[in-house]
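Notes to accompany the following structure.
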Amino acid sequence: MSSRLTDTGARDLLRLLETGEVSCVDVAAAHLDRIGAVDGAVEAFLSVDREQVLADAAEVDRKRQTGESLGRLAGLPVAIKDNICAAGAPATCASRMLEQFVSPYDAHVIGRLRAADAVLLGRTNLDEFAMGSSCESSAFQPTRNPWDAERSPGGSSGGSAAAVCAGMAPLALGSDTGGSIRQPASFCGVVGMKPTYGRVSRYGLVAFASSLDQIGPFARGVEDAALLLEIIAGHDPRDTTSVDQPVPSYLDTLDEPLKGLRIGVVPEHFGEGLDSDVETRVQDAIDVYRSLGAEIREVSLPHSKYCVAVYYIVAPSEASSNLARYDGVHYGFRAAEYDGLIDMYAATRGAGFGDEVKRRIMLGTYALSSGYYDAYYVKALKVRRLIRQDFDAAFQEVDVIAGPVTPAPAFRIGELIDDPLAMYLNDIYTISANLAGVPGISLPCGFTSSELPVGLQLMAAPFEEERLLRAARMYEREADVPIRRPPLGMLPGGSV
Ligand code: GLN
């Protein structure tokens, strides 16, 4: 029973819970046991409070027994990226700087999950402060890809993607600033979605680059991702960039195929550097849409060649400002030895931040400094506007843009960590959605010849999540990509 529960998706688990076939404690215990069995090898979680998880699950069972009204996720375990605040839980951001930090309050999305009676399962690993594409810049552990333990699960939300992939959680939350949900989803063969900027409140998400960050769902199927998005989306006055627009019921329309769907294919996304297996799988996926009657059109995003350059000015600039608060006074860590106030700041930040975070702070500080501000930051903002205009024009022509998520499948741990530029280029296809603020989803579209998952990326116009999810579901249903589970029995400690 227990392995069956960890193989079951969120909506099916809800049905089992509603009919009373299983209790919330059964579901929670099955996932905790699974974490116990395989996370020694995967290292997706930074912390799991087993007693609290079981107590929260028992409370949902009690409510059900006494006939109290229950929320829509009643009893479902959800794993949380360790940069999203939940009162009483750690939020380390995988940084020594916040190693001892315990959140005093709930993020908006956590409040929504609690109101829906979900069970917060544990805190997942990430690149330090969400800066990275591999989970290797975590100060605590590199998460491993459940499909191949030598490889990265991607990042920065690699812990959430690996947890969902390996059956340790049916659902998880991540954050995406330049691809951090979509890239790990594609590396692990799960569904991951970055909503429109402003669709989900960032209140309680530890800020990396505030004009790009969005929280979004991970699941093993499109329906489950739609369900989680429905719960967390919507206006929150505590985040002034969260938009006051009604949230459609994504699940209600999900299975209605889109008639006359126009799919845009961007030639710039199929250029040099694209792995041939990835290209073939993505082209096959586009053919599935063709066979469903969609019209496939070429559209151009002429400024997309500047995306990586623009992102690596804008994101570090915002990061250098956001991370100024970690000064040894306000939060967490303070160096043990120092000589005066300025030295206290320097010693604290020198010891508390890892190399990648320091690199970003230095890049950003430089780009914002007087004399360089116009040449770098202001210029990057101008090009960012052009990138958004490219998308506006493209979405006049097509409903959805389809292409690869990453240039290649999961790389080996250690392969790119000493080459920041090669690591940054992993985000070449995902960054543009953040710069333009449009929603994007990564969904599994098959495997390479070496049995690594490949992701298909779909993007839509702002606030067109409903259309995006329906288009994703069309493919998922028609392609019927066989559900394959990673060979965890091969991992040390794996029991499947
Ligand atoms: N990999 C990108 C970076 O390093 C994106 C990270 C993210 O989306 N949080 O900044």
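Counting starts at 1 for both ligands and their atoms, following the listed order.
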Exercise. Is the distance between the ring centroids of Tyr326 and Phe333 under 6.0 Å?
Worked result: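 No; Phe333 has its ring centre 6.0 Å or more from that of Tyr326.
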
If we only count N/O pairs under 3.5 Å, is [X] in contact with ligand 1?
X      : result
Gly179 : yes
Tyr312 : yes
Arg360 : yes
Ala130 : yes
Met131 : no
Ser180 : yes

Just by modelled atom types, is the [Y] backbone N or O under 3.5 Å from a matching donor or acceptor in the [X] side chain?
X      : Y      : answer
Arg281 : Pro453 : no
Ser242 : Asp236 : yes
Thr124 : Ile80  : yes
Glu128 : Gly354 : yes

With atoms numbered from 1 as shown, which atoms in ligand 1 lie under 4.0 angstrom from a non-hydrogen atom of [X]?
X      : answer
Asp176 : 8 (O)
Gly178 : 5 (C), 7 (C), 8 (O)
Phe208 : 9 (N), 10 (O)
Ser156 : 9 (N)

[X] atom [atom1]: more than 12 heavy-atom contacts under 6.0 Å:
X      : atom1 : value
Gln245 : CD    : yes
Tyr376 : OH    : no
Tyr105 : OH    : yes

Exercise. Quick one: does Gly132 get a heavy atom under 4.0 Å from ligand 1?
Worked result: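 It does, in that a heavy atom of Gly132 comes within the 4.0 Å cut-off of ligand 1.
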
Exercise. Where is the nearest protein heavy atom to atom 5 (C) of ligand 1: which residue, which atom, and how far?
Worked result: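 Here the closest protein heavy atom is Tyr311 OH, 3.3 Å.
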
Exercise. Counting heavy atoms only, which part of Asp427 comes closer than 4.0 Å to ligand 1: side chain, backbone, both or neither?
Worked result: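 Side chain only.
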
Problem set entry | Sole candidate of Phe411, Phe447, Trp147 that passes ring-ring contact (aromatic ring centres under 6.0 Å, His included) when paired with Phe187 |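 Result: among Phe411, Phe447, Trp147, Phe411 is the only option passing the ring-ring contact (aromatic ring centres under 6.0 Å, His included) with Phe187.
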
